[in-house]
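One structure below.
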Amino acid sequence: MKFIHLSDLHIGKQLHHYSLIEDQAHILSEVTGRVKELAPDAVVIAGDIYDKSVPSAEAVSMFDEFLTALAEIRPAVKVLIISGNHDSAQRLDYAGRILRRQNIYIAGSVPSGKDEYLKKVTLSDEFGEVDFYLLPFLKPGYVRGVFADEEDVPETYSDAVRRILGREEIDTEKRNVLISHQFYTGNGNAPDTCDSEMFSVGGIDNVDISPLLPFEYVALGHLHGAQQVQVPSVRYCGTLLKYSVSEAAHMKSLHVVKLGAKGVAPEVEQIPLHPLRDVRRVRGELKEIVEHASPDNRDDYISVTLTDETDPYRPKEQLEKVYSHILEIRIDNTRTRKRLEDFHDEAVIADPLTIFSDFYQEIQGRALSEEERGYLESVLEKVKGE
């Protein structure tokens, strides 16, 4: 069984003030070409199809063209899609029955009632059946209706995922694959994150990977850097493109997963991708940076750090003459470093919950109670999701 693991397309995204539609069209075309070449059994897309819950017409059109191109490939390829935290579950679910006739299976919404279960797609190869379970992005509140008749309902993200998977009665004698879009941690260790990802409010959206370990492979979405979580079979594939300066050092690739017989570890091949434009950090004196511009790199998205000790003449104008997509210009020299040293207190970026807790302590002279803290967490969680 061979399938391609994608996630976090973020169609319609902007990088600073630049639209990435042209870049995304280029990379999706490369993916389509690879699918034709590799002839996988399935293409898995683990959430965040769009960058906004209400995508632009241009973004919707691009995804439509991508799905149409995949549906036209012969031999036919199954396409399995879940919603991410950036997507509108209801919008993705639209026309799901019609799309299924074209081998496109979409799970936009998680189960919300006791009679609802995860969407399951079963494929077969020479070793037998493989069950793919589609678990869209969820919050505990999304699934409380499933457990309404029980004594307790899930209050944490980990509990919600564990209990939703537990009620599926998964046949562990078969090979099983999970597609999920959450922030998973293993043994308390958080995976690597970058600036373009949503900032967690106090870590309350972390999900422990324990319920995922029985699966042969877990195709994750949400984080932009390709990485495994504790074990090689639980893996984020990362984005197809670099979506922030903090991703400049990432090596973006296409993840091709091969499943053998039951009990045999999956193989994951990472095929390098070729973006229309790279995202780069450049550092040095203005003259040096200008001289290094070439036809091969002048259209890249660049973050510039100037180290000139003497302020150069109109640096932005000089840079714009040779580079077409400047993201930011920073200054790092003796003067700016001295200015930073003058600040005795080191600036610390804290999460909103910690900031408000400290403020409350200072104003009220006491710490937040457990009830107050729980209420604040729920408010911040609601704001984060909007």
Side-chain angles (χ1 to χ4, degrees), residues 8 10 13 16 47-48 51-53 84-87 137-144 152-163 180-212 220-225 227 229-230 234 236 238-239 243-250 303 328 330 336-337 339-386:
D8 296 85
H10 286 285
K13 186 175 179 62
H16 289 222
D48 278 359
D51 193 55
K52 296 180 180 179
S53 59
N85 58 299
H86 281 250
D87 298 314
F137 173 74
L138 64 78
K139 297 180 181 181
Y142 293 178
V143 298
R144 284 182 183 142
D152 61 335
V153 295
E155 296 293 342
T156 68
Y157 281 73
S158 284
D159 283 345
V161 169
R162 176 179 56 81
R163 292 178 63 178
S180 180
H181 188 100
Q182 304 285 161
F183 183 64
Y184 286 98
T185 58
N187 286 334
N189 298 318
D192 296 330
T193 58
C194 54
D195 293 345
S196 52
E197 293 151 6
M198 182 176 289
F199 186 69
S200 175
V201 179
I204 61 175
D205 57 356
N206 294 1
V207 180
D208 183 76
I209 70 162
S210 299
L212 313 187
L220 298 179
H222 195 38
L223 301 188
H224 292 191
Q227 58 196 293
V229 184
Q230 186 175 330
V234 180
Y236 289 101
T239 52
Y243 284 138
S244 72
V245 174
S246 64
E247 298 175 50
H250 287 190
S303 167
E328 59 187 359
R330 300 171 178 268
T336 58
R337 287 192 293 272
R339 188 178 301 163
L340 290 175
E341 290 172 1
D342 289 340
F343 290 97
H344 299 293
D345 297 326
E346 181 180 357
V348 177
I349 300 177
D351 63 85
L353 182 60
T354 300
I355 292 172
F356 186 86
S357 297
D358 292 344
F359 172 76
Y360 189 90
Q361 174 79 45
E362 182 177 346
I363 298 300
Q364 298 294 331
R366 67 173 180 86
L368 287 167
S369 68
E370 288 299 318
E371 181 180 0
E372 291 167 336
R373 187 178 182 86
Y375 177 75
L376 181 60
E377 285 180 347
S378 66
V379 171
L380 292 173
E381 178 61 20
K382 181 179 179 180
V383 170
K384 185 179 73 171
E386 293 178 346

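For this chain, numbers begin at 1 and follow the sequence in order.
- For the pair D8 (side chain) and G221 (backbone), a donor-acceptor distance under 3.5 Å is absent.
- The pair K13-D48 fails the salt-bridge criterion, with no side-chain N (NZ, NE, NH1 or NH2) lying under 4.0 Å from an Asp/Glu carboxylate O.
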Determine, step by step, whether V153 and E155 satisfy the side-chain contact (heavy atoms from CB on, under 4.5 Å) criterion, reporting the C-alpha distance in whole Å, the side-chain angles of both residues, the deciding distance to 0.1 Å, and the verdict.
CA-CA 6 Å; V153 295; E155 296 293 342; 3.6 Å; yes
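- Among all heavy-atom pairs drawn from A367 and E372, the shortest one is O-OE1, 4.4 Å.
- Atom OG of S244 sits about 7.5 Å away from atom NE2 of H16, to the nearest 0.5 Å.
- Between the Q182 side chain and the L138 main chain, a donor and an acceptor come within less than 3.5 Å of each other.
- Residues F183 and L223 meet the side-chain proximity criterion, which asks for heavy atoms closer than 4.5 Å.
- A pairwise comparison of heavy atoms in H224 and H222 identifies CD2-O, 3.8 Å as the closest pair.
- Side-chain atoms of E371 do not come within 3.5 Å of backbone N or O of S369 as any donor-acceptor pair.
- In this structure, L220 CG and L212 CG are separated by 6.5 Å, a value rounded to the nearest 0.5 Å.
- Contact between H250 and G225 at its shortest, heavy atoms only, is CE1-CA, 3.6 Å.
- The side-chain heavy atoms of S210 and R162, taken from C-beta on, include no pair separated by under 4.5 Å.
- Looking at T156 and S158, their side chains never bring a donor and an acceptor atom within 3.5 Å of each other.
- Within the 4.5 Å cutoff, no side-chain heavy atoms of N85 are placed close to those of K139.
- The two residues Q230 and G186 come nearest to each other via the heavy atoms OE1-CA, 3.2 Å.
- Atoms OG1 and OH, on T185 and Y157 in that order, are 13.5 Å from each other to the nearest 0.5 Å.
- When all heavy atoms are compared, the tightest approach of A160 to P140 is CB-CA, 4.0 Å.
- Side-chain N or O atoms of Y236 include one that pairs as donor or acceptor with a backbone N or O of Y184 at under 3.5 Å.
- Expressed to the nearest 0.5 Å, how far OG1 of T336 lies from CZ of R330 amounts to 11.5 Å.
- Under a 3.5 Å cut-off, the side chain of D87 and the backbone N or O of G84 do form a donor-acceptor pair.
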